[in-house]
There are 2 protein chains.
Amino acid sequence: MQKAAIERNNEAIAAQLAPVGRETVQDRVYSELRRALIGGLFEPSQVLTIRGLADALVTSTMPVREALGRLITEKALEALPNRSVRVPPITLERLDDLLRARILIEGEAIALAAARMGPRQIATIETILGEWDEMRALKHKKDVDREVTLNQSFHFEIYRSCGSAVLIPMIESLWLQSGPCIRVAIYAFSEAGEVDTAQYHRRIVTALATQDAQAARESLVADISRPFTFLRSKLQSAAAKDQT
Amino acid sequence: MQKAAIERNNEAIAAQLAPVGRETVQDRVYSELRRALIGGLFEPSQVLTIRGLADALVTSTMPVREALGRLITEKALEALPNRSVRVPPITLERLDDLLRARILIEGEAIALAAARMGPRQIATIETILGEWDEMRALKHKKDVDREVTLNQSFHFEIYRSCGSAVLIPMIESLWLQSGPCIRVAIYAFSEAGEVDTAQYHRRIVTALATQDAQAARESLVADISRPFTFLRSKLQSAAAKDQT
DNA sequence: TCAAAGCAAGTGTGATCACAAATCAAAAAT
DNA sequence: ATTTTTGATTTGTGATCACACTTGCTTTGA
């Protein structure tokens, strides 16, 4: 009976080969649109057409329409009565609504994470912080795309540690919804050269390193509130100017 | 120039006619599946096939597959690596995870609602409570479907008053996820004839009527925790029995 | 007798087509 | 000149088909 030998051989093969994993076209379209949304590549109120996106992504309409449908159910996009779909416009109420939800849920997530993050995870987010500093050092090129990516990595590395399979998708949905909004805020920050975000992140890291859930929550709230309050005042002044 | 006259006529017509609203087949399929999920018509771990559902709903596969995709993104269904889709199985961790998220978010929603519900809204939920009592009175037929529906109406009438367009879809997603779980709990409650749910709901109503946000939140937590703790103990005893 | 190979039915995915509704621009009427 | 109408183009929706993968059963071989 060679069964054991064959089994050993198979195991040896399995140890070398990584599972290839079939990713459907729809999944790629979905990820791509997510990335674009969170990164703020689409602007608020912009309408998207199925055929247009299909052409841009070089596929047929089928994967695109299903990806759009999924994004609509997570409120990342909006279905108009005309059956056309657009990225939701910014309003003052929506801004406040989003911020409140993010404080509630991301605050809870980081409080949970504070008790569960080991030295391993702390090291990871410190690495991300290091990359941030590096980027700031050679600031000749204000790479806002990279800034957005690093910010996202930093936060989600923390949230992943909260151990909740329910909260994380909700946070992703919230980021998807606030992505188009905060892009303009980050851009403005980067231009104005204001107090850098890294400082806020550092406070979060020290709180997490000392397992201080309360401090972590407060630091996080301060961090995510900034772009919202900035945008809020900007919107208000714009509204005031409109009225004149 | 008859422009004004025509305009007036159109307005008169518009006042009488209700907008008909075009509902797509996909929307109907989606709503139907949602209803089934929240109502617990599907049991955990059950696999669903596109063609099977299309036959059952008497449509083609197209609307079904898009509705399934949407439900998967809200975690109401689960995509297996085999590309087949099933309703998520119940585990202890998932139960705790869901309850924690529901306490967090629905608790916040009801606290917000407490400050915003007027006599009009209070009257509405009291009406629902009345229907509940009515149903309890002639209890010869334990209509668990109606019980589920009334429970849903009661809660969402409150949540709708919280004024957050962001929180409500999240709560819907949470109900979608816990629907298949709590069905078995409600069924067991209804059979055991335990302390009725209406009593918990009454406490919520009095708290809301007096605008006591804290009491409302606590009553709500007590209400939604019950089926979860019940299921939890049931699962644990089942696991203990398995081990013997 | 039992495990492995082979075959057949079933299933998800993507492409294409037909159709209805919406949008936009040019032409006609007031 | 302004408004209305008309027609062409665009767009979303649903149906159908082709293909690839999975699954379960039968058959074959040891």
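When reading the values below, keep in mind they use all heavy atoms of this one structure, side chains included, and skip hydrogens, waters and symmetry mates. Residue numbers begin at 1 in each chain, while the letters A, B, ... track the order of the sequences.
Between B/Tyr30 and the choices B/Arg28, B/Arg34, B/Gln26, the side chain to side chain donor-acceptor pair (under 3.5 Å) rule is met once, by B/Arg34. Here the options are B/Ile168, B/Ile171, B/Ile110, the test is side chain to side chain contact (heavy atoms under 4.5 Å, CB included), and the partner is B/Ile105; only B/Ile171 passes.
Look at A/Arg70 and A/Asp27 and you find a salt bridge, because one of the NZ, NE, NH1 or NH2 atoms lies within 4.0 Å of a carboxylate O, short of that distance.
If you check every strand for non-hydrogen atoms under 4.0 Å, B/Thr61 touches a base. A/Glu66 comes within 4.0 angstrom of no nucleic acid atom, judged by non-hydrogen atoms across all strands. Within the 4.0 angstrom heavy-atom criterion, no nucleotide atom of any strand lies near A/Leu68.
Among the nucleotides D/dA15, D/dT22, C/dG14, the one closest to the side chain of A/Pro63 is C/dG14. The side chain of B/Arg83 has C/dT13 as its nearest neighbour among C/dT13, C/dT11, D/dG14. Among the nucleotides D/dG12, C/dT13, C/dA15, the one closest to any side-chain atom of A/Ser60 is C/dA15.
Atom CZ in B/Arg28 sits about 12 Å away from atom C1' in D/dG14, given to the nearest Å. Regarding B/Asp27, its CG atom lies at a distance of 12 Å from the C1' atom of D/dG12, rounded to whole Å. For the pair B/Leu53 CG and D/dG14 P, the interatomic distance rounds to 16 Å; values are reported in whole Å. Straight-line distance from the CG atom of B/Leu80 to the P atom of D/dT23: 9 Å, rounded to whole Å. In this entry the distance linking CG of B/Leu48 with C1' of C/dG12 reads 14 Å, nearest Å. Per the geometry, OH belonging to A/Tyr30 stands 18 Å off C1' belonging to C/dT13, to the nearest Å. Look at CD1 on A/Ile72: it is 10 Å from P on D/dG12, rounded to the nearest Å. Atom CG of A/Asp55 is separated from atom C1' of C/dA15 by 14 Å (rounded to the nearest Å).
Note on A/Asn82: a side-chain N or O is less than 4.0 Å away from OP1 or OP2 of C/dT23.
Nearest-nucleotide positions on DNA chain C place B/Gly52 closer to the 5' end than the other of B/Met62 and B/Gly52.
With hydrogens and angles ignored, a donor-acceptor pair under 3.5 angstrom links the side chain of B/Arg51 to the base of C/dG12. Put simply, the side chain of B/Arg65 and the base of C/dG14 share a donor and an acceptor less than 3.5 Å apart.
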Walk me through it: do A/Phe156 and A/Glu172 pass the test side-chain contact (heavy atoms from CB on, under 4.5 Å)? CA-CA 9 Å; A/Phe156 276 91; A/Glu172 286 177 353; 3.5 Å; yes
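The CG atom of A/Leu92 lies 10.0 Å from the OG atom of A/Ser233; values are rounded to the nearest 0.5 Å.
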